[in-house]
Amino acid sequence: MKDRITFDANLKQLLGEFPKIRELLYEYGLRKLEEEDIMDVVVDKLTLKGFFRMMDLDDETQGILWEKIQHLYKESED
């Protein structure tokens, strides 16, 4: 059984272990980090919570995104 995903999960590790999450986060600002060519600089230090803050996601959007991430995680366990 895999470790549970938390808001403190390292973004680089999360993206490496769950490629579908990368696609999902693209809709919420990951693309912007790559376009601005800062992805390599911040991804090592950034947590999921930090990503939410950096992208200035409101509470409702964070909740929706968190549910989608949890769903993708559960799919990967099957």
Side-chain angles (χ1 to χ4, degrees):
M1 185 170 163
K2 298 178 184 175
D3 291 336
R4 297 192 64 149
I5 295 177
T6 68
F7 285 110
D8 295 322
N10 178 275
L11 195 59
K12 182 176 184 176
Q13 183 179 1
L14 193 61
L15 295 174
E17 292 178 18
F18 306 102
K20 288 185 178 182
I21 290 178
R22 175 181 289 271
E23 296 169 18
L24 177 63
L25 293 181
Y26 252 61
E27 301 173 30
Y28 293 91
L30 190 65
R31 175 175 304 172
K32 183 178 180 182
L33 295 179
E34 289 184 350
E35 288 173 353
E36 293 180 3
D37 203 28
I38 61 171
M39 179 77 161
D40 293 339
V41 176
V42 299
V43 76
D44 287 348
K45 298 158 193 73
L46 201 57
T47 62
L48 192 55
K49 180 193 265 183
F51 175 79
F52 289 173
R53 287 184 184 156
M54 182 179 246
M55 295 301 117
D56 197 27
L57 302 177
D58 61 43
D59 290 342
E60 182 179 351
T61 304
Q62 287 181 34
I64 292 167
L65 181 53
W66 180 246
E67 287 179 18
K68 290 179 179 181
I69 289 170
Q70 290 296 316
H71 179 73
L72 289 174
Y73 175 77
K74 288 176 185 175
E75 280 182 352
S76 74
E77 286 186 321
D78 295 337

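From a predicted model like this one, the values you see are computed outputs, not experimental measurements.
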field: Straight-line distance of Leu24 CG to Arg22 CZ, nearest 0.5 Å
entry: 12.5 Å

query: Does Val42 have any side-chain contact (heavy atoms from CB on, under 4.5 Å) partners at least two apart in sequence or in another chain, and if so, which?
result: Leu33, Leu46, Met54

query: Excluding sequence neighbours, so at least two apart, what forms ring-ring contact (aromatic ring centres under 6.0 Å, His included) with Phe52?
result: Phe7

task: Only pairs at least two apart or in different chains count here, so list each side-chain hydrogen bond (donor to acceptor under 3.5 Å, both in side chains) that has a residue in residues 61-72.
output: Tyr28-Lys68, Asp58-Thr61, His71-Glu75

field: Glu60 atom CD: more than 12 heavy-atom contacts under 6.0 Å
entry: no

message: Once salt bridge (charged side-chain N to carboxylate O under 4.0 Å, His left out) is applied, what residue pairs with a partner in residues 40-57 remain, sequence neighbours excluded?
response: Lys12-Asp44

- prompt: Excluding sequence neighbours, so at least two apart, what forms salt bridge (charged side-chain N to carboxylate O under 4.0 Å, His left out) with Arg31?
  reply: none

With Leu11, the side-chain contact (heavy atoms from CB on, under 4.5 Å) member among Ile21, Thr47, Leu25: Leu25

- request: Would you mind reporting whether Leu30 and Met39 have side-chain heavy atoms less than 4.5 Å apart?
  value: yes

- request: Kindly write out the residues that satisfy side-chain contact (heavy atoms from CB on, under 4.5 Å) with Glu23, not counting sequence neighbours, or none if the list is empty.
  value: none

